[in-house]
Amino acid sequence: MTTKVAIAVVGSGPGGLSAAARAAEVGVSHVLLEQTAAHSNTIQKYQKGKHVMAEPNILPLRSPMRFEAGTREKILGEWAEGLTEHKVNIRYGAEVVGISGAKGDFHLKLQDGSEVLAENVILGIGLQGNPRRLGVPGDGLPCVQYTLDDPDEYKGETIVVVGAGDAAIENAVALSKQNTVYLVNRSGEFSRCKDGNLALILKTVEAGKVICLYSTQCASLSETPGGEKPYLLSLNTSTGDMQLPCDRIIARLGATPPRKFVESCGIKFPSSDPSSLPVLSTSYESNVPGLYVIGALGGYPLIKQAMNQGYEVVEFIRGNPVAPADEPLLAAKFAGIPGHRSVSDTLQAMQQRIPLFTEVNPLMFRELLLGSTIHVLNPGDIVFKRNDYTNSFYTIFNGGVEIQIDDNNPAKRIPLMPGQFFGEMGLLSGRRRTATVLAGKDCVLIETPRRDVLKLLSSVDAARAVIDQTFIVRAIQSGFAPQAKTADLLPIAAKSKMNRYKAGQVVFSEGDEADALHLVRSGSLAVLRAVGGREIVTSYVAAGNYVGEMGLMGNTRRSATVRATVATETISLDADTFAELLQKNPALRSELEETVRQRIASNTRLQGQDNAGALISFLLKQGLGEATDVLLIDETLCVGCDNCERACAATHGGTSRLDRAAGPTFANVHVPTSCRHCEDPHCMKDCPPDAIRRSPNGEVFVGDNCIGCGNCERNCPYGVIQLAGPPPEQPSLASWLMFGSKAENVFGEVQGLGRKHHHHHHDDGHGAPKAVKKAVKCDMCKGQDGGPACVRACPTGAALRVSPEEFVAFVQQEASRF
Amino acid sequence: MHESMLDYAQRRYLKIALVLCVLSIIAYAWHDPLSPPNGGTWLGYTLGGIGAALILWLTALGVRKRSYSSSVGTLRGWTSAHVYLGLALIVVATLHTGFQFGWNLHTLCYALMLIVIGSGIFGMVVYLRYPQLMSSNRAGAKPDVLLEEINDLDQRALRVANEMPRRFADVLRSNREGTRIGGSTRAILGGLDLSTINLPAVGGASQQVSNSEQAALLDWLGDELARSTDGDLTKRIGDLLSVVATRRNQLRRLRRDAQIRGWLEIWLYIHVPVTLALIGTLIAHVVSVFLYW
Ligand SMILES: Cc1cc2nc3c(=O)[nH]c(=O)nc-3n(C[C@H](O)[C@H](O)[C@H](O)COP(=O)(O)OP(=O)(O)OC[C@H]3O[C@@H](n4cnc5c(N)ncnc54)[C@H](O)[C@@H]3O)c2cc1C
Ligand code: HEM
Ligand code: SF4
Ligand code: SF4
């Protein structure tokens, strides 16, 4: 019979370690269960020598374990010492596969069939999930591995890589340099990888460097002592069975997200949205009493946060209510609010007064406010200006604000009351602010960064519904009926529909019955026409504009096909609803007629140019459909001097954020590898310290608090983010005078094919600890006079920046020249 | 949006340069010096001063080009002004000489200036013409992509050759070893192909021959094809021929690309060093004029 412990901690990441160490320190009976053979698997998997950062700096550390910014090795070493020093009862190779029972009597089932009994359970299993296993007889043999640290470690082996995603492809290609590599792909093609990797693998396979087995599955694995190779892998291929002698198998089958396991323990998630977080109390307790969730799994993506929670949760379980480590931070934030007494009172008042926040659970609300800024303003202060690019979100805690929707008539203002919110338009569509907002009397505002609001929306359905509805009303109001009262528009808004489209999805087709008008809320649309059997793009509709109005104005068939260029949301109004709107605003008809006229004119202009459509299609494929500002190079003018790159490097700590020569070219337009400053930047997703922000002028930039995790680099579809260390050495004076900092030119290249030197930037991971690497990307020279340095430094006028507003004009001009 | 350095700001600097030239010419025509026109008259000093200032300012382009955080105009604006005012310098400086030439420092200074201007004009022409040529030669494929393609073609050819008698693989390997793109400044600028190849010669030895445009290899393969009686081998030689022909075309594009880039750069190797020499002689010229006054 196993003895029951007071606390079982599952997962030895920073959260779990800290919790178990605290329990050990105060003598509470405990066990720390870790599925792998070493503690902190997530941190073990960081790149060798990685500099681990201790963000947020202002947050004090509260844990028996040490933690300061430093190399991965140093931190792991200190934690190992901590484990011994505090005599933490840790069990390795103990994967928990099920938790049942209730507070006071939990049963934790382990992979090996044994059981652990505990009064309380702390889940700190992080978000990395478990690698999917091969799932065939023999997959426990030591030749099967699920990660690959250093491909150069293996030489002359026969290695089978299983999987068809980016990781499998990258591993297979890297290993193929020194080994015989087979790639086992369950399906008949590669459909789950990035375009670049697809091209890479097809080429490598074509060159015979990797042997790809399509439509093939692993059947079993066995040892073959004395055989030609130590192991034998049996495969089912489309043409029959196959026996493959091999040295090693690398399975890259992705990871199962931990959510299923967590749900199986009885923990509820508020919505089906994959990014939603479990509901927790202020003491990190889930809906299952006695079952606690901390760290990344609970929505706290940084090491220090996880460690603090580990400490706090043990205190809560011991019945010792400590104030969270962030209490002083909140107190400082609230200090300026008139009438503020205690943090908990103010938090409570906020939740009561602001309907949007009422249903948010207190722990999440606390986190939301930690990220937010409190503004105590004087009447008349400007909160933000029309056309600013900021994308934070405001709620009114006290007093009110006035919204100035018409610049020509500043006296016309819409008042907002306490409890209401504003700024949601910029938040959702990543577009410029559509109005100026001024503070009223006794105004206290909560400004919340975009990421925290999005987190809220993905977890609290009620909040999402409120915001969506308000968004629709305000969009209709500003788009079609500025005179109408909000209350009058509510019924119309209720009848309108929100539509979501994937990139490339058809909104409506040429010849369809014209039954609705679409207002683009985020993303953008391309208008296409079939000409001679081919679809040609005739125009492009950016967020904030509408399409399909022609149909409602009397034509009954769609005259063109409309497709989403990127993931896009529209609000559609049907003909009847629209008629109601027309009644409310008689001037609307003539306004729309004018829009129709302009669009027809622009369409016919573009249609006269055969190439324009092809050029637009090309540019949309390069992400212009979601760009707010993109660097293009006119190849008829570019002399290839790379002064743009040098200017970028010189003004940005020595690393150029743009790669001029890379990137595709169509006709004479070249799209270099450089940030598009997307409306809804992909890079912002999953940035643990929320270091990527958008400035009022629209630049998307990486802040100093970047921890160098590389998520953004992976998330950017255009490959424009790099992780860079300190700048390279400066060139000598002589070469600077002659040709600048890049000592490269056509005369200096080694020109024999057979003995061409390849300059590889090799990070071998050995030797001295690596310097701090952080994400760097184009910031459009924010904070420098005169605009982007690349454009300023181009001697020929080839480098130019184009925004969506100039997009069509640019295409017309370029298309007329090729 | 598409606007070359000549069209910059509605050709503002062309207008300024023209005004400068016209004023200089009118003044020169009006001016009636006691002695024959030369640099020592008041007009001579004025034109000389303007000319020297212009030269210093034209040289400053090199500094501005590297002052990356400078917001004093854009480099495009500077270059536009540089081109037009640099051309105006011909008029200003020539009038400054009063057409008094001789084998002396002063004329050396003038000659150096003309070399700089001449190379500048050449540079301007290539800047305006060559990017378009480079773009259409590349047709979207950058040099590194072309190089990769050639590497792939080589791999493919070697795979075919592995199924054939050894001499084929040997020849292909030597072809790869001997392929040159550029190799010397002259070869780059002339678009010359200095590639060589070792072909089997009578008596078993091999012999190095020029393989410009892959011609020697194509000929050799052609001969082998003609001699072959084995159906399989014939087919493989046919495959090799088509691979090598594609390789030749890609090499041609690559060489053309290097050639264009070469011309886009080479003139600066004259323009800049001679500018430095010009500044030196200019100082000497000014000092000597004031010393021997
Ligand atoms: C590349 C990268 C770089 C980063 N850099 C930084 C940085 O510089 N600074 C920073 O503050 N944050 C950084 N982060 C974020 C940080 O790693 C996480 O916030 C932190 O690890 C979360 O800790 P955790 O305790 O919640 O979970 P994790 O650290 O993910 O630990 C979970 C542990 O649970 C184990 N486990 C999982 N399931 C089971 C199970 N069923 N049974 C038993 N054990 C289980 C796992 O093996 C693992 O050891 C980075 C993240 C990444 C991916
Ligand atoms: C005495 C007269 C001139 C002087 C001293 C001069 C000097 C210079 C200098 C120092 C540079 C900078 C080169 C570099 O740093 O890369 C330059 C560039 C250049 N010059 Fe001149 N120049 C003169 C006349 C001209 C004329 C007449 C023309 C054209 C008609 C011209 C065209 C150019 C061009 C096109 C560049 C290249 C700009 C670039 O690539 O950034 N120059 N010149
Ligand atoms: S880094 Fe990539 S995802 Fe982020 S804004 Fe730029 S282009 Fe878009
Ligand atoms: S900016 Fe990028 S690398 Fe830096 S912390 Fe955010 S996601 Fe990670």
Side-chain angles (χ1 to χ4, degrees), chain A residues 203 206-209 632 634-641 643 646-651 661-668 670 736-741 745-747 749 751-756 781 784-787 789-800 802 806 809-810 813-814 817, chain B residues 1-5 7-8 61-62 65-66 68-76 78-80 126-128 130-132 134-136 138-144 147-148 150-152 154-156 159 173 176-183 185 187-188 258 261-262 264-266 268-269 272-273:
Chain A
K203 226 175 77 188
E206 215 246 328
K209 289 179 202 148
L632 297 178
D634 184 332
E635 284 215 332
T636 57
L637 292 177
C638 174
V639 295
C641 66
N643 213 39
R646 275 187 220 119
C648 185
T651 48
T665 306
F666 180 82
N668 292 320
H670 175 65
W736 180 84
L737 260 184
M738 198 53 206
F739 286 103
S741 55
N745 54 66
V746 64
F747 302 107
E749 282 170 23
Q751 300 292 347
L753 270 187
R755 50 180 131 111
K756 189 167 160 45
C781 296
Q784 294 179 37
D785 289 342
C790 48
V791 173
R792 261 186 296 140
C794 174
T796 62
L800 33 101
V802 177
E806 301 154 337
F810 170 77
Q813 197 196 30
E814 282 300 314
R817 301 184 29 253
Chain B
M1 271 167 262
H2 170 91
E3 211 183 37
S4 74
M5 56 189 175
D7 299 335
Y8 178 79
L61 177 67
K65 191 174 170 184
R66 290 165 182 80
Y68 297 114
S69 46
S70 161
S71 55
V72 187
T74 60
L75 192 59
R76 185 156 66 110
W78 272 73
T79 313
S80 178
V126 294
Y127 268 34
L128 292 175
Y130 276 23
Q132 174 87 64
M134 181 155 74
S135 176
S136 48
R138 285 183 179 182
K142 279 164 274 294
D144 52 332
L147 260 179
E148 283 267 308
I150 292 170
N151 274 326
D152 285 352
D154 287 347
Q155 298 292 336
R156 194 159 0 135
R159 272 204 305 284
R173 237 171 255 128
R176 191 173 154 70
E177 282 287 315
T179 300
R180 294 283 174 277
I181 299 152
T185 303
I188 292 176
R261 281 192 293 152
L264 281 170
E265 268 176 36
I266 192 74
L268 277 170
Y269 285 83
V272 179

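In what follows, chains are A, B, ... by sequence order, proteins preceding strands, each numbered from 1.
- Nearest heavy-atom pair across B:Tyr68 and A:Ala650 is CD1-CB, 3.2 Å.
- Across B:Leu75 and A:Ala793, no two heavy atoms sit closer than the pair CD2-O, 3.0 Å.
- Interface remark: B:Lys142 contributes side-chain atoms only to the contact with chain A (heavy atom separation under 4.5 Å).
- Heavy-atom distances place no part of A:Lys209 under 4.5 Å from chain B, backbone and side chain included.
- One distance of note links OG of B:Ser71 with CZ of A:Arg792; it measures 6.0 Å at 0.5 Å rounding.
- Under the side-chain hydrogen bond (donor to acceptor under 3.5 Å, both in side chains) criterion, A:Glu206 pairs with no residue, sequence neighbours left out.
- Contact count against chain B (heavy-atom pairs under 4.5 Å) is highest for A:Cys638 among A:Gly208, A:Cys638, A:Ala789.
- Per-residue counts of heavy-atom pairs under 4.5 Å with chain A were compared for B:Arg138, B:Met5, B:Lys65; the largest is that of B:Lys65.
- The shortest heavy-atom contact between B:Ser135 and A:Ala667 is OG-O, 4.1 Å.
- A:Leu637 places none of its side-chain heavy atoms less than 4.5 Å from the side chain of B:Pro131.
- If you measure heavy-atom distances from B:Ser70 to chain A, the contacts under 4.5 Å come from the backbone alone.
- For B:Arg173, no part lies under 4.5 angstrom from a heavy atom of chain A.
- Interatomic distance, CZ of B:Arg261 versus SG of A:Cys641, reported as 13.0 Å (0.5 Å rounding).
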Practice task
Check step by step if side-chain contact (heavy atoms from CB on, under 4.5 Å) holds for B:Gln132 and A:Asn668.
Solution key: CA-CA 8 Å; B:Gln132 174 87 64; A:Asn668 292 320; 3.8 Å; yes
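- At a 4.5 Å heavy-atom cutoff, the contact between A:Ala662 and chain B is made by backbone atoms alone.
- Contact between B:Arg76 and A:Thr796 at its shortest, heavy atoms only, is CD-C, 3.6 Å.
- Under a 3.5 Å cut-off, the side chain of A:Arg646 and the backbone N or O of B:Arg66 do not form any donor-acceptor pair.
- Residue contact with chain A, scored on non-hydrogen atoms closer than 4.5 Å, involves the backbone and the side chain of B:Tyr127 alike.
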